[in-house]
Amino acid sequence: MTVHFYNSLTRRKDPFEPITAGKAAIYTCGPTIYNFAHIGNFRAYMFEDLLRRYLMFRGYDVKHVMNLTDVEDKLIRTCRETGKSLKELTEFYAQAFFEDIDTLGILRAHAYPAATDHIPEMVDMIKTLREKGHTYEAKGSIYFKLSTFPDYGALSHIDADTLRTGGSGRVDADEYEAEEARDFALWKAWDEDDGEVFWETELGKGRPGWHIECSAMSIKYLGNHFDIHCGGIDNMFPHHENEIAQARCATGQPFVNYWLHCAHLMVDGRKMSKSLGNFHTLRDLLEKGLDPRAIRYTLLATHYRQPANFTFEAVEAATQALRRIRDFRIRLAETTGEGDALQEECAACEKAFVRDMDDDLNISGALGAVFNFIRDVNKKLDAGSAGREGADNALALLDRLDAVTGVFAEADEEAAPQEILDQVAARQEARRNKDFAAADAIRDALLEAGWVIEDTPDGARVKRA
RNA sequence: GGCGGCAUAGCCAAGUGGUAAGGCAGAGGCCUGCAAAGCCUUUAUUCCCCGGUUCGAAUCCGGGUGCCGCCUCCA
């Protein structure tokens with residue numbers, strides 16, 4: 001069995017065949033850093049994190065590049081509204097973005113190219129497109145002439161001729177100078193509203209269009225032809241179609257083999273929107289006291305092509321699931337003596353996990369396999385038949401699977417301080433004297449302080465509530 | 001108007017032709033001085049609705065309903 005991905009290009013699950021054996025080059029569309037990212041954005045980055053981690057788990061040497069869009073309409077508008085410079089804004093929100101992905105345990109990409117650091121690359125690509133006859137100019141702006149790229153629409157399976165101008169109601173078609181509404185801007189001539197935001201280049205005074213950055217930067221960092229390109233489903237058209245048009249027309253070579261698109265996240269069964277009051281940034285959720293790992297679990301646990309529903313109830317369920325994992329690890333750590341090496345259970349778990357993940361990253365099935373494993377091993381721990389070797393094997397398996405999911409690691413909790421341990425000892429003494437009222441009072445007081453006591457055959461265990 | 005996705009228990013969510021994974025929550029039990037944790041049993045005769053194909057459908061087909069996405073810069 002090999003890794004299979006649902007490829008938007010073929011609309012099938014295709015076996016993953018890398019261009020270079022053993023390597024996987026991934027480009028993922030990153031954030032526009034004009035505000036704090038919301039949990040819908042993080043769902044996409046979480047899926048990409050899972051993809052990257054799983055390919056690493058499967059032995060691929062992965063190179064992951066994510067762009068940062070730091071020049072674009074919304075940013076320029078924000079500059080105008082706040083009086084801040086582009087640099088001030090984007091540095092602030094880029095910083096916030098990195099803090100957030102660290103909080104969620106999302107691995108850092110190998111490179112985060114920012115658009116404004118690659119103006120020359122974009123200018124070069126636009127010049128190449130111009131030389132090859134794929135562009136035209138109107139009022140100082142340069143447009144891509146779609147009619148010169150017959151394959152347009154192959155990814156989203158849209159017939160370019162049927163596109164309805166302004167069909168989304170988002171755009172006033174009259175604002176555009178393109179010959180045809182479906183043509184898109186490669187280079188936008190400066191106008192007053194752009195203020196300080198412009199570059200003087202061979203193409204004139206202006207700024208790059210949005211789509212060109214991803215073509216220019218992905219090619220710079222991953223080559224003309226690379227393996228995997230990801231993004232939200234909403235980016236499939238037109239952004240990714242436009243990327244394909246630019247890249248293929250510029251290089252004359254194939255561009256990307258596998259396009260993977262992530263479905264949207266809904267909140268409480270509705271589209272996330274500020275007016276519904278269900279719009280959450282990661283920071284909002286942390287302020288409400290939610291555990292970042294539980295948020296990670298919640299965003300991760302639904303298959304990436306499935307529209308997911310984010311609820312506080314689901315985060316609570318995730319918190320409990322993580323607690324179950326934590327308690328399982330604690331039991332394993334305490335296991336001593338000879339006994340079952342748990343090889344059968346470990347092998348069955350890993351096999352099921354890999355089988356499901358190979359199937360287009362079926363994380364829900366894979367997590368189910370791990371919980372079955374936890375139950376089976378708990379049973380043996382109850383029976384006292386598992387030994388230290390088995391516990392080590394089980395912990396090693398959890399660590400391997402944690403490298404893929406980020407939800408099976410040892411909880412990084414502080415050890416109970418001496419005063420708490422003294423209380424626990426005092427309670428044990430009371431229990432020995434059959435003074436259960438005193439023992440229970442101590443237990444209640446400790447629980448109040450955030451520590452829970454569990455009595456085991458080997459003595460009392462204290463852990464964070 | 002065009003194109004596409006989704007609809008599985010109280011909640012989250014796998015399963016895409018062979019008789020409903022898993023997590024959370026609930027109920028009962030074992031264990032415990034009592035708890036907690038763990039384990040066991042239980043919780044959808046049924047997978048949005050109506051038809052059809054089939055020996056057999058949550059899974060395929062047709063028609064509805066609802067939610068969501070894209071149709072020029074939203075993950």
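These numbers were taken from a predicted model, which means no experiment stands behind them. Lettering of chains follows the sequences in order, A, B, ..., and the numbering in each one begins at 1. Hydrogens, waters and symmetry mates play no part in the numbers below; they use all other heavy atoms, side chains included.
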Inter-nucleotide [atom1] distance ([N], [M]), Å rounded:
N      : M      : atom1 : value
B:rC47 : B:rC70 : P     : 32 Å
B:rU42 : B:rC49 : C1'   : 30 Å
B:rA14 : B:rU8  : P     : 10 Å
B:rU53 : B:rG15 : C1'   : 22 Å
B:rA7  : B:rC12 : C1'   : 15 Å
B:rA58 : B:rA25 : C1'   : 24 Å
B:rU65 : B:rA13 : P     : 25 Å
B:rC30 : B:rA37 : C1'   : 14 Å

Inset, instruction - Give a yes or no on whether A:Lys205 atom NZ has more than 12 heavy-atom contacts from other residues, nucleotides or ligands under 6.0 Å away. - result: yes

Inset, instruction - Check the surroundings of atom CD in A:Glu448: do more than 12 heavy atoms from other residues, nucleotides or ligands lie under 6.0 Å from it? - result: no

Legend entry - Closest non-hydrogen atom pair, A:Phe279 against A:Asp284: O-OD2, 3.8 Å

Legend entry - Closest non-hydrogen atom pair, A:Ser364 against A:His303: OG-N, 3.8 Å

Inset, instruction - May I ask you to test the A:Leu361-A:Phe5 pair for a side-chain heavy-atom distance under 4.5 Å? - result: yes

Inset, instruction - Given side-chain hydrogen bond (donor to acceptor under 3.5 Å, both in side chains), test A:Arg12 with A:Asn7 step by step and report yes or no. - result: CA-CA 6 Å; A:Arg12 277 196 322 258; A:Asn7 189 350; over 6 Å; no

Figure out the [atom1]/[atom2] separation between [X] and [N], and round it to whole Å.
X        : N      : atom1 : atom2 : answer
A:Ile106 : B:rA75 : CD1   : P     : 14 Å
A:Tyr297 : B:rG23 : OH    : P     : 9 Å
A:Leu300 : B:rG23 : CG    : C1'   : 13 Å
A:Glu241 : B:rC70 : CD    : P     : 15 Å
A:Arg355 : B:rG15 : CZ    : P     : 11 Å
A:Glu313 : B:rC12 : CD    : P     : 7 Å
A:His240 : B:rC70 : NE2   : P     : 14 Å
A:Leu322 : B:rC12 : CG    : P     : 18 Å

Legend entry - Working for ring pair (Phe, Tyr, Trp, His ring centres under 6.0 Å), residues A:His38 and A:His280: CA-CA 6 Å; A:His38 56 69; A:His280 306 303; over 10 Å; no

Legend entry - A:Arg305 charged N/C atom sitting above A:Tyr6 aromatic ring, 6.0 Å / 45°: yes

Inset, instruction - With A:Arg464 as the cation and A:Trp451 as the aromatic partner, state whether NZ or CZ is under 6.0 Å from the six-membered ring centre and within 45° of the axis. - result: yes

Legend entry - Side-chain N,O (A:Ser156) to OP1/OP2 (B:rC70) below 4.0 Å: no

Inset, instruction - Using atom types as modelled and distance alone, determine if a side-chain donor or acceptor of A:Glu241 lies under 3.5 Å from a backbone N or O of A:Gly153. - result: yes

G-U wobble or Watson-Crick pairing nucleotide for [N] (cut-off 3.5 Å, both distances):
N      : answer
B:rU46 : none
B:rC39 : B:rG29
B:rC55 : B:rG18
B:rG66 : B:rC6
B:rG1  : B:rC71

Legend entry - Positions of residues 303-312 of chain A (non-hydrogen atom under 4.0 Å from RNA chain B), listed by number: A:His303, A:Gln306, A:Pro307, A:Ala308, A:Asn309, A:Thr311

Legend entry - Any residue of residues 32-45 of chain A with a heavy atom less than 4.0 Å from an atom of RNA chain B: A:His38, A:Gly40, A:Asn41, A:Ala44, A:Tyr45

Inset, instruction - Determine whether the aromatic ring centres of A:His211 and A:Phe184 lie less than 6.0 Å apart. - result: yes

Legend entry - Reference residue A:Ile76; test side-chain contact (heavy atoms from CB on, under 4.5 Å); the match among A:Asp194, A:Asp193, A:Leu89: A:Asp194

Legend entry - Check against side chain to side chain contact (heavy atoms under 4.5 Å, CB included), A:Leu299 and A:Phe310: CA-CA 8 Å; A:Leu299 293 177; A:Phe310 184 93; 4.2 Å; yes

Checking all strands, does [X] fall into the base, sugar-phosphate, or nothing category for heavy-atom contacts under 4.0 angstrom?
X        : result
A:Leu265 : base
A:Asn372 : sugar-phosphate
A:Asn362 : sugar-phosphate

Legend entry - Stacked pair A:His264-B:rA75, distance under 5.5 Å, angle under 30°: yes

For nucleotides 33-38 of chain B, list the nitrogen or oxygen atoms of the protein found under 3.5 Å from its nitrogen or oxygen atoms, one pair per line.
residue : atom : partner  : partner atom : Å
B:rG33  : N7   : A:Arg431 : NH2          : 3.3
B:rG33  : O6   : A:Arg427 : NH2          : 3.3
B:rG33  : O6   : A:Arg431 : NE           : 3.1
B:rG33  : N1   : A:Asp440 : OD1          : 2.9
B:rG33  : N2   : A:Asp440 : OD1          : 3.4
B:rG33  : N2   : A:Asp440 : OD2          : 2.6
B:rC34  : O2   : A:Arg443 : NH2          : 2.5
B:rC34  : N3   : A:Arg443 : NH1          : 2.9
B:rC34  : N3   : A:Arg443 : NH2          : 3.4
B:rC34  : N4   : A:Asp455 : OD2          : 2.9
B:rA35  : N6   : A:Asp455 : O            : 3.1
B:rA35  : N1   : A:Asp455 : N            : 2.8
B:rA35  : N3   : A:Arg443 : NH1          : 3.2
B:rA36  : O2'  : A:Glu454 : OE2          : 3.0
B:rA36  : N1   : A:Asp455 : O            : 3.4
B:rA37  : O4'  : A:Glu454 : OE2          : 3.1
B:rG38  : OP1  : A:Arg324 : NH1          : 3.3
B:rG38  : O3'  : A:Asn378 : ND2          : 3.1
B:rG38  : O2'  : A:Arg331 : NH1          : 3.1
B:rG38  : O2'  : A:Asp382 : OD1          : 3.0
B:rG38  : O2'  : A:Asp382 : OD2          : 2.6

Inset, instruction - Could you pick out which residue, A:Lys74 or A:Leu367, lies toward the 5' side of RNA chain B when each is mapped onto its nearest nucleotide? - result: A:Leu367

Inset, instruction - With RNA chain B as reference, determine whether A:Gly368 or A:Gly232 sits nearer its 5' end, using the nearest nucleotide of each. - result: A:Gly368

Inset, instruction - Assess whether ring pair (Phe, Tyr, Trp, His ring centres under 6.0 Å) is satisfied between A:Phe98 and A:Tyr112, documenting all intermediate values. - result: CA-CA 10 Å; A:Phe98 288 125; A:Tyr112 286 99; 4.8 Å; yes

Legend entry - Closest nucleotide among B:rC67, B:rG69, B:rG4 to the A:Arg11 side chain: B:rG4

